[in-house]
Amino acid sequence: QVQVAESGGGLVQAGGSLTLSCEASGRTLGSVAMGWARQAPGKEREFVAAISWSGGTTAYADSVKGRFTVSRDNAKNTMYLQMNSPKPEDTAVYYCAADWHYDHMAAMKNIDYWGQGTQVTVSS
């Protein structure tokens, strides 16, 4: 069993920067793939980024590619999402996810574990 919890959400101006964190607990973090998804009001949850257990493989949604960076520090059991140059359309609840299979994370399907979410609001 793995538990994940997000932090770092808040209000940010467009063009600024914000870093989200996701701390994992339970079984060995180094063996799980992790990722981020988001859900805006009235929209379905969508994939944002994924990172393999080693950190050597990453994937991004086209909408955030070049602006967001996912990383992880297995010694701290923590994953990060560096959000640079956010746009108002990035406003959403951001969810941390963990899964034993990277393919599941990259496809954002059949995810084993979800966090409660953290609100990110980008002002114009």
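As the structure is a computational prediction, the values presented were derived from the model and not from experiment.
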### Query
Are F47 and M34 linked, directly or through other ILVMFWY residues, by side chains that come within less than 4.5 angstrom of each other?
no
### Task
Establish whether Y95 and V120 are linked, either directly or via other cluster members, by ILVMFWY side-chain heavy-atom contacts under 4.5 Å.
no
### Query
Checking side-chain contact (heavy atoms from CB on, under 4.5 Å) against M79, which of D73, V32, V70 comes through?
V70
### Query
Atom OG in S25, atom CG in N77: separation rounded to 0.5 Å?
8.0 Å
### Query
Nearest heavy-atom pair of S31 and W100: which atoms, and what distance?
OG-CZ3, 3.1 Å
### Query
Can you tell me how far the CD atom of E6 sits from the CG atom of L81, to the nearest 0.5 Å?
11.0 Å
### Message
Using 0.5 Å steps for rounding, measure from the CD atom of Q39 to the CD atom of Q119.
### Response
11.0 Å
### Task
Check whether any side-chain N or O of R72 sits under 3.5 Å from a backbone N or O of S54 as a donor-acceptor pair, and report yes or no.
no
### Task
List the atom of F68, the atom of Y60, and the distance in Å for their closest heavy-atom pair.
O-CE2, 3.2 Å
### Message
Would you say V93 ends up clustered with M108 if hydrophobic residues are merged whenever their side chains have heavy atoms under 4.5 Å apart, either directly or through other cluster members?
### Response
yes
### Query
Any chain of hydrophobic side-chain contacts (each under 4.5 Å) joining M105 to Y113?
no
#### Entry: Where R67 and S85 come nearest, the two heavy atoms and their spacing
NH1-O, 3.0 Å
### Query
Are S124 and E89 close enough that some pair of their side-chain heavy atoms sits under 4.5 Å apart?
no
### Task
Would you check if the side chain of D99 reaches a backbone N or O of D112 as a donor-acceptor pair within less than 3.5 Å?
yes
### Task
Identify the heavy atoms of A92 and A40 that sit nearest to each other, and give their distance.
CB-N, 3.8 Å
### Query
Would you call K109-D103 a salt bridge at under 4.0 Å N-O?
no
### Task
Any chance you could lay out the side-chain contact (heavy atoms from CB on, under 4.5 Å) test for C22 and Y80, step after step, and finish with the verdict?
CA-CA 6 Å; C22 173; Y80 306 94; over 6 Å; no
### Minimum-distance pair of heavy atoms, taken over all atoms of V4 and A24
CG1-CB, 4.0 Å
### Query
Between the side chains of E23 and T78, is a donor N or O closer than 3.5 angstrom to an acceptor N or O?
no
### Message
For the CD atom of E46 and the CH2 atom of W36, what is their distance to the nearest 0.5 Å?
### Response
14.5 Å
### Contact summary for N84 and S17, nearest pair of heavy atoms
OD1-CB, 3.5 Å
### Salt-bridge present (K87, D90; N to O < 4.0 Å)
no
### Task
State whether the side chain of T91 and the backbone N or O of T121 hold a donor-acceptor pair below 3.5 Å, judged by distance alone.
no
### Message
Check whether W114 forms a cation-pi arrangement with R45 (NZ or CZ under 6.0 Å from the six-membered ring centre, at most 45° off the ring normal).
### Response
yes
### Query
Got a second to check how far M83's CE is from L20's CG, nearest 0.5 Å?
5.5 Å
### Message
Taking atom CD as the centre, does Q13 end up with more than 12 heavy-atom neighbours from other residues, nucleotides or ligands that are less than 6.0 angstrom away?
### Response
no
### Query
Quick one: CD1 on I51 to OG on S71, what's the gap to the nearest 0.5 Å?
6.0 Å
